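Quick one: structure below, then a few questions.
Small disclaimer: the values here were computed from a predicted structure and weren't measured. Counting starts at 1 for both ligands and their atoms, following the listed order.
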Amino acid sequence: MAIKHPTVAVSAPGKVLLAGGYLVLDRKHTGLVFGLSARINVIAGEIHTSQGVQLNEIMVDSPQFLDAQWRYGYHLAPEGGGIKVTQLQVGSVICKNSFVETTLSYALTYINRLKSRHSDHSLNPSRLIVLADNDYYSQSTPTNGEPGRFSKFTVPLSGANKTGLGSSAALVTSLTAALLSHYLPKNLFDISSSSGKRTLHNLAQAAHCAAQGKVGSGFDVAAAVYGSCLYRRFSPDLLSQLPEAGSPGFSEKLASVVDGVVWDVEVQTEGLSVPAGMALRMCDVDCGSQTVGMVKKVLAWRAKDASVSGELWDKLQTRNETLAAALRDGNVADVPAAVDAVRELIREMGKRSDVPIEPESQTELLDAVSAVEGVYGGVVPGAGGFDALALLMKDDEETKGRVEERVAKWSQEKDSKVRLLDVKGEMEGVRCEDLDIYSGWIQ
Ligand SMILES: Nc1ncnc2c1ncn2[C@@H]1O[C@H](COP(=O)(O)OP(=O)(O)OP(=O)(O)O)[C@@H](O)[C@H]1O
Ligand SMILES: C[C@@](O)(CCOP(=O)(O)O)CC(=O)O
């Protein structure tokens, strides 16, 4: 008899790298990573088929967007290749979602291996629904009617302008967590336990790297699993022996990477927080400019000018740690100077590598917003560039109002669109959710 799998919902937060961009790519250094209140939610349930109908299908829906349904058939690949998923054509066009597809192959392969070791070979069809908080996409993206927590957009996912909050990492993490929670009994996977989080982290990192076609530092997946933390990356070699999903031996190698080896990643959730009464908030800057290849260029400079760049990175690491300590220890008065000290070296790194990490327009904007009463300072987060700011400010409506006014004035004067998002820094990582939150979205 087929086992009934429960309908479950999980959510994982977005991220911001407040300090440690580029440095965090090197295990020698750490990053100040914050989880965000904007979450990607995934609800997993069974597909009920008519009696006698046998189908192996997984359906993933992102009902906030047009044409955002991805359907896959699945089968056991030969020679230990694990579960191979193949996208099914719905209608006349086939629209791919590599993050969804790769996550399904990775998670289902892992689940199937664990289940068969416990003499349970059922991998029933399932349906997954993805719901993303509104701040992941720019307001310029048209919506249908009054936006609730989950807006309905009038465009496909590819037409929505992202705000850079790490949607792919939060998606891969919550999709993996939803699949594990749906298919596995609690004694084999429990999202609230530390071993459950470790399994989820390792599996989601592997799937995310495969889907994006490169091994980054992984701070975004760590934020999605663990929330805010001081982060030291894993050695990239850990993932280098993994063959392509579906190829011979994939299943065993994946299990060994997830459970068989000790990861050298360090995630200190006690290492980072914001003082009571302070909030970390984000601004979306929509000025139409784009910078590609920033990481490549900074790393090329790091290698070429090793002694100068090494000294600069060490100094910046110390300043980042000073900022983390001021925040963690609640030394509010020390925060503005600590932020400025970090920014000074970020600008130097930008100048020396010839990369617009904190370009002049962002320097001006940061200085203008930092002068607003109640703002302790701000940075260009992550890789930097033109499109976002992270601000540390008083967590009250008056300060929020003043910042909104300042950025509105800036937008008018400079002909660029700057907007304070609703999202805030949050400590908690992945979690189970009550199904009630999603009424209207799940039938
Ligand atoms: N709501 C969603 N439903 C389904 N897939 C999604 C959703 N949101 C994001 N994705 C997947 O994540 C991809 C976007 O990932 P990408 O790494 O480009 O952006 P990001 O993670 O938001 O950006 P950044 O790393 O700059 O923060 C989409 O192409 C899609 O595959
Ligand atoms: C430049 C880098 O250190 C940070 C990129 O951060 P973001 O995607 O700009 O938030 C790259 C990485 O850590 O993978």
Is any side-chain N of the basic residue among E426 and K424 closer than 4.0 Å to the acidic one's carboxylate O?
no
For ligand 2, what N or O to protein N or O distances fall under 3.5 Å?
residue, atom, partner, partner atom, Å
ligand 2, 3 (O), Y22, N, 2.9
ligand 2, 9 (O), A383, N, 3.0
ligand 2, 10 (O), K15, NZ, 2.6
ligand 2, 13 (O), S217, OG, 2.6
ligand 2, 14 (O), S217, N, 3.1
ligand 2, 14 (O), S217, OG, 3.4

Salt bridge E364-K414, side-chain N to carboxylate O under 4.0 Å
yes
Look at the side chain of D387 and the backbone N and O of T163, then say whether any donor-acceptor pair between them is shorter than 3.5 Å.
no
R347 atom CZ, neighbour heavy-atom count above 12 within 6.0 Å:
yes
Do P13 and E428 have side chains that approach each other closer than 4.5 Å (heavy atoms only, starting at C-beta)?
no
Sequence neighbours excluded, which residues qualify as ring-ring contact (aromatic ring centres under 6.0 Å, His included) partners of Y183?
H5
Output, or 'none' if empty, a list of ligand 1-protein atom pairs in which both atoms are N or O and the distance is under 3.5 Å, rounded to 0.1 Å.
residue, atom, partner, partner atom, Å
ligand 1, 1 (N), S62, OG, 3.4
ligand 1, 1 (N), Y137, OH, 3.2
ligand 1, 3 (N), S62, OG, 2.7
ligand 1, 5 (N), N97, ND2, 3.1
ligand 1, 8 (N), Y137, OH, 3.2
ligand 1, 17 (O), S168, OG, 3.0
ligand 1, 18 (O), K162, NZ, 2.7
ligand 1, 19 (O), K162, NZ, 3.0
ligand 1, 21 (O), S167, N, 3.2
ligand 1, 21 (O), S168, N, 3.0
ligand 1, 21 (O), S168, OG, 2.9
ligand 1, 22 (O), S167, N, 2.9
ligand 1, 22 (O), S167, OG, 2.6
ligand 1, 27 (O), K15, NZ, 3.2
ligand 1, 27 (O), G164, O, 3.0
ligand 1, 27 (O), G166, N, 2.8
ligand 1, 31 (O), N97, OD1, 2.6

Any residue meeting ring-ring contact (aromatic ring centres under 6.0 Å, His included) with Y226, in chain and number order, not counting sequence neighbours:
H201
Could you tell me if the ring centre of F65 sits under 6.0 Å from that of F153?
yes
Run the salt-bridge test on E311 and K315 with the 4.0 Å N-O cut-off and return the result as yes or no.
no
